[in-house]
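Right, one structure below, let's go through it.
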Amino acid sequence: MTSTPPTHPQPVVVFCWSNISGYMASCWKSIIRTSQIRVHVIAYGDSSESSFDTSLMQGVPWTPLDKSSREDARYVSDLVSGLQPDIVVVPGWLNDAYSRLPDDPRLAGARFIMTMDTPWRGGLRQRLAPYRLRHLLRTIQSVVVPGERAWQYARHLGFNEHQIFRGLYGVDYESLSRLHQIRQESGWPRTFLFVGRYSPEKAIDVLVNAYEQYRSQIPDPWPLICCGQGEFARQIAASEFIRDLGFVQPSDMHRIWLGAGVFVIPSRYDPWPLALVEACAAGLPVIASQACGSAVECVRDRSNGLLIAKDNVDDLCRAMVESHTAFDRLPRMGVVSRALAEPYSAEAWSYRWSHILQRSIANQRLT
């Protein structure tokens with residue numbers, strides 16, 4: 001008589017997150033659709049930094065946190081422990097209530113995975129971080145980063161190479177990648193596009209000044225379209241030649257990507273901007289500052305875009321002029337962009353995370 005091998009129930013993974021977004025919603029939906037892992041997301045339900053419609057989380061089991069509950073360590077701990085997770089994913093040291101979860105004895109049997117996108121910069125605060133954060137770090141089994149710059153920081157925090165995984169983020173590559181062919185068939189747009197927060201980190205002042213300088217040098221300048229919100233909205237509105245569309249929901253972004261010819265992101269500090277990856281997925285050439293972390297993975301200078309110095313108006317102006325004069329090359333550059341973005345599809349994200357989570361669960365059963 002043969003015996004049936006024991007079966008394990010579906011593992012439960014709780015993602016503790018900050019703001020919801022279109023790109024993360026597509027990733028969570030992908031892993032729910034393609035794996036045997038039960039996912040529950042706990043994230044901010046309202047935020048001054050994000051205006052994403054919560055309807056994009058349809059199909060994802062999630063619990064929104066309001067401004068008071070996200071700071072309530074007891075409430076968050078009761079919420080997470082009540083889900084009886086096998087694995088808890090925490091977003092670095094962003095939120096104190098999340099960071100204190102490993103101290104809850106009710107979660108003693110769970111494994112903790114930390115995510116972080118902060119790039120290694122080598123300052124004193126980062127050099128002291130392994131000591132300042134040692135209580136949290138000693139509870140973490142693995143850490144997941146988006147790319148090379150955050151990988152370097154994870155090493156400085158004391159994690160071994162076998163504990164660090166790349167692939168923190170993904171985008172809806174499947175739908176975005178179709179736009180390149182449509183754009184080619186309908187005629188490549190002569191338009192610059194910026195998508196992001198209107199904040200000092202995104203160097204909106206540099207963008208506006210460089211664009212005005214570009215217009216003074218070119219007899220038939222292209223329009224600049226901006227999508228976002230933030231404290232620098234007035235500076236954008238003050239320019240009569242910049243079209244400000246405000247914050248655009250993911251469901252409406254496809255027409256914006258389709259109408260763009262070149263994506264521009266001149267940030268002075270930007271750990272791993274997803275808008276850049278989405279632009280590449282949509283088949284756009286990219287002008288990006290060296291401060292953009294995702295440019296390390298997704299931009300090859302004068303192959304699919306132009307890399308510029310941060311805080312340099314002249315450099316950005318020259319890049320806009322070069323893109324304008326090299327118009328015939330833009331579709332070919334877009335092909336390279338799509339190829340560089342493909343590893344960050346939601347499907348690839350789901351495959352990577354399934355491996356990370358299953359490995360963590362297997363290690364848990366061995367201990």
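- Proximity of a side-chain donor or acceptor of Gln163 to a complementary backbone N or O of Asn160 within less than 3.5 Å is detected.
- A donor-acceptor pair shorter than 3.5 Å can be found between the side chains of Tyr211 and Arg215.
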As a quick check of understanding, evaluate ring pair (Phe, Tyr, Trp, His ring centres under 6.0 Å) for Trp151 and Phe159, giving each step before the final call. CA-CA 10 Å; Trp151 189 95; Phe159 291 101; over 10 Å; no

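- Under 3.5 Å, the side chains of Asp172 and Ser26 contain no donor-acceptor pair of N or O atoms.
- Within the 6.0 Å centre-distance limit, the rings of Trp353 and Phe15 are counted as a close aromatic pair.
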Pair Lys67-Glu71, salt bridge (charged side-chain N to carboxylate O under 4.0 Å, His left out): steps then yes or no: CA-CA 7 Å; Lys67 291 181 179 179; Glu71 304 298 334; over 6 Å; no

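- A salt bridge is defined here as a Lys NZ or Arg NE, NH1 or NH2 lying under 4.0 Å from an Asp or Glu carboxylate O, and Asp315 with Arg318 meets this definition.
- Judged purely by atom type and a 3.5 angstrom limit, Tyr214 has no side-chain atom pairing as donor or acceptor with the backbone of Asn209.
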Apply the test side-chain contact (heavy atoms from CB on, under 4.5 Å) to residues Leu306 and Met320: give CA-CA distance (whole Å), side-chain angles for both, the deciding distance (0.1 Å), then the verdict. CA-CA 9 Å; Leu306 297 169; Met320 298 177 89; over 6 Å; no

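- Checked against a 6.0 Å centroid threshold, the rings of Phe263 and Phe192 do not count as neighbours.
- Looking at Gln249 and Ser251, their side chains never bring a donor and an acceptor atom within 3.5 Å of each other.
- When only modelled atom types and interatomic distance are considered, Ser69 and Asp72 share no side-chain donor-acceptor pair under 3.5 Å.
- Annotation: Arg166, atom CZ; neighbour count of heavy atoms from other residues, nucleotides and ligands within 6.0 Å is above 12.
- Side chains of Asp117 and Tyr169: a donor on one and an acceptor on the other come within 3.5 Å.
- Using a 3.5 Å distance cut-off with no hydrogens or angles, the side chains of His40 and Trp62 do not pair a donor with an acceptor.
- Listed for the Glu297 side chain is no donor-acceptor partner under 3.5 Å among the backbone atoms of Gly147.
- Contact of the Thr54 side chain with the Leu56 side chain is not registered, since no non-hydrogen atoms from C-beta on lie closer than 4.5 Å.
- Both tests hold for Arg183 against Trp188: distance to the six-membered ring centre under 6.0 Å, angle to the ring axis within 45°.
- When atom types are taken as modelled, the side chain of Ser294 and the backbone of Pro273 share a donor-acceptor pair closer than 3.5 angstrom.
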Criterion side-chain hydrogen bond (donor to acceptor under 3.5 Å, both in side chains) on Tyr44 and Asp66, from CA distance to verdict: CA-CA 6 Å; Tyr44 301 171; Asp66 60 26; over 6 Å; no

In sequence, state the C-alpha distance, the side-chain angles, and the governing distance for Ser350 and Thr34, and then conclude on side-chain hydrogen bond (donor to acceptor under 3.5 Å, both in side chains). CA-CA 8 Å; Ser350 176; Thr34 61; 2.8 Å; yes

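- Residues Leu284 and Leu307 share a hydrophobic cluster, clusters being chains of Ile/Leu/Val/Met/Phe/Trp/Tyr side chains in contact below 4.5 Å.
- Geometrically, Arg190 engages Phe327 in a cation-pi contact, judged by NZ or CZ lying under 6.0 Å from the ring centre and within 45° of the ring axis.
- For Gln235 and Asp205, the side-chain atoms include no donor-acceptor pair closer than 3.5 Å.
- For Trp349 and Tyr23, the ring centers sit 6.0 Å or farther from each other.
- Summarising the local packing, CZ of Arg243 is surrounded by 12 or fewer heavy atoms from other residues, nucleotides or ligands at distances under 6.0 Å.
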